[in-house]
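Take a look at the structure below.
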Amino acid sequence: QVHLVESGGGLVQAGDSLRLSCAVSGGTFRNYALAWFRQAPGKERDFVAAIDWSTDRTYYANSVKGRFTISRDNAKNTGNLQMNSLISEDTALYYCNARRMAPGVPRLSYWGQGTQVTVSS
């Protein structure tokens with residue numbers, strides 16, 4: 001069973017930075033694409049950023065492009081989301097997602113429990 005644990009959330013002021021981490025255990029980390037989603041109170045869970053499992057190509061929501069950077073450390077089985085120039089609209093519960101992408105195996109998806117990011121203006 002794959003287990004994801006997010007960390008790094010907190011309360012910051014507008015303009016500050018935070019770095020979220022997602023520790024993945026229980027699977028072959030290199031076979032998983034990683035993504036970050038966020039959910040604000042009363043809203044749906046939205047895509048934030050993703051990094052490909054084989055090419056490390058990155059993808060971003062327009063709202064965070066140029067401010068957020070997703071990365072992965074295959075040696076540490078960890079994904080990261082560097083968030084700069086935070087704004088109040090970034091306030092949400094941030095979730096890490098790992099999706100198994102290796103060929104020939106079921107494409108299972110796993111979620112962490114979330115880490116809260118609150119940006120005060």
Side-chain angles (χ1 to χ4, degrees):
Q1 180 70 18
V2 176
H3 190 53
L4 280 65
V5 178
E6 301 99 331
S7 61
L11 172 63
V12 297
Q13 293 187 337
D16 286 351
S17 298
L18 277 177
R19 184 176 178 86
L20 305 184
S21 293
C22 176
V24 181
S25 61
T28 303
F29 182 76
R30 199 59 183 99
N31 289 342
Y32 287 80
L34 298 180
W36 289 90
F37 290 74
R38 65 187 183 186
Q39 187 168 18
K43 296 187 176 181
E44 295 184 350
R45 190 174 298 188
D46 291 330
F47 168 78
V48 175
I51 184 165
D52 188 81
W53 71 288
S54 61
T55 66
D56 287 347
R57 182 175 178 179
T58 56
Y59 306 84
Y60 298 94
N62 287 335
S63 59
V64 306
K65 200 171 295 183
R67 298 188 298 121
F68 291 11
T69 302
I70 188 171
S71 62
R72 61 190 297 154
D73 186 335
N74 292 330
K76 296 181 178 179
N77 289 4
T78 300
N80 299 295
L81 184 68
Q82 177 67 40
M83 305 186 296
N84 298 330
S85 303
L86 286 162
I87 58 178
S88 58
E89 289 80 2
D90 295 321
T91 294
L93 189 59
Y94 282 71
Y95 294 93
C96 180
N97 173 269
R99 188 179 186 198
R100 190 167 64 181
M101 299 297 291
V105 297
R107 293 199 170 181
L108 301 177
S109 181
Y110 301 91
W111 293 90
Q113 81 290 346
T115 185
Q116 179 67 39
V117 172
T118 303
V119 184
S120 63
S121 56

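Quick caveat: nothing in here was measured; it's all calculated off a predicted structure.
- Cluster membership check: F29 shares its hydrophobic cluster with V2, using side-chain heavy-atom separations under 4.5 Å among Ile, Leu, Val, Met, Phe, Trp and Tyr.
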- Query: Can you list the steps and then say if C22 with V24 is a side-chain contact (heavy atoms from CB on, under 4.5 Å)?
  - Reply: CA-CA 6 Å; C22 176; V24 181; 4.0 Å; yes
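- The backbone N or O of R67 sits nowhere less than 3.5 Å from a side-chain atom of Y60 that would complete a donor-acceptor pair.
- In plain terms, the two heavy atoms of A14 and S121 that are nearest each other are CB-CA, 4.2 Å.
- Put simply, L108 and I51 are part of the same group of oily side chains (I, L, V, M, F, W, Y) that touch within less than 4.5 Å, one to the next.
- Under the 3.5 Å distance criterion, the side-chain polar atoms of R45 are left unmatched by any main-chain donor or acceptor of Q39.
- Side-chain atoms of N80 and T78 include no donor-acceptor pair closer than 3.5 Å.
- In this model, a donor atom of one side chain and an acceptor atom of the other lie less than 3.5 Å apart for N97 and S109.
- To the nearest 0.5 Å, atoms CG (D46) and OG (S63) are separated by 7.5 Å.
- Proximity of V117 to L18: side-chain heavy atoms (C-beta onward) are separated by under 4.5 Å at one or more points.
- Taking CG from L20 and OG from S7, the interatomic distance works out to 8.0 Å, rounded to the nearest 0.5 Å.
- For the atom pair CD of Q113 and CG of L4, the computed distance is 8.5 Å after rounding to the nearest 0.5 Å.
- Under the 4.5 Å side-chain criterion, counting only non-hydrogen atoms from C-beta, I87 is not in contact with V119.
- With hydrogens and angles disregarded, a donor-acceptor distance shorter than 3.5 Å links the side chain of T115 to the backbone of G9.
- Figure legend: cation-pi geometry between R72 and Y32 absent, as NZ or CZ is not positioned both under 6.0 Å from the six-membered ring centre and within 45° of its axis.
- Connection of W111 to F47 is established within a shared hydrophobic cluster, with ILVMFWY side chains joined at heavy-atom distances below 4.5 Å, either directly or through further cluster members.
- Under the 4.5 Å side-chain heavy-atom criterion for Ile, Leu, Val, Met, Phe, Trp and Tyr, Y110 and L34 are members of the same hydrophobic cluster.
- Between R19 and T69 there is no side-chain heavy-atom pair separated by less than 4.5 Å.
- Ionic pairing of R30 and D56 is present here: one or more N-O contacts between side-chain nitrogen and carboxylate oxygen are shorter than 4.0 angstrom.
- At least one side-chain heavy atom of M101 sits under 4.5 Å from a side-chain heavy atom of R107.
- No close placement of the Y95 and F37 rings is indicated, their centers lying 6.0 Å or farther apart.
- Aromatic ring orientation, Y94 versus F68: tilted (interplanar angle from 30° to 60°).
- Summarising the geometry, atom CD belonging to E6 is positioned 12.0 Å from atom CD belonging to Q116; distances are rounded to the nearest 0.5 Å.
- Using a 3.5 Å distance cut-off with no hydrogens or angles, the side chains of Q82 and N84 do pair a donor with an acceptor.
- Using a 4.5 Å cut-off between side-chain heavy atoms of Ile, Leu, Val, Met, Phe, Trp and Tyr, with links allowed through other members, V12 and L93 fall into different hydrophobic clusters.
- Put simply, CD on Q13 and OG on S88 are 12.5 Å apart, with the number rounded to the nearest 0.5 Å.
- Here the OG1 atom belonging to T118 is positioned 11.0 Å from the CG atom belonging to D90, to the nearest 0.5 angstrom.
- Judged by the 6.0 Å distance and 45° axis criteria, R99 is not positioned over the aromatic ring of W53.
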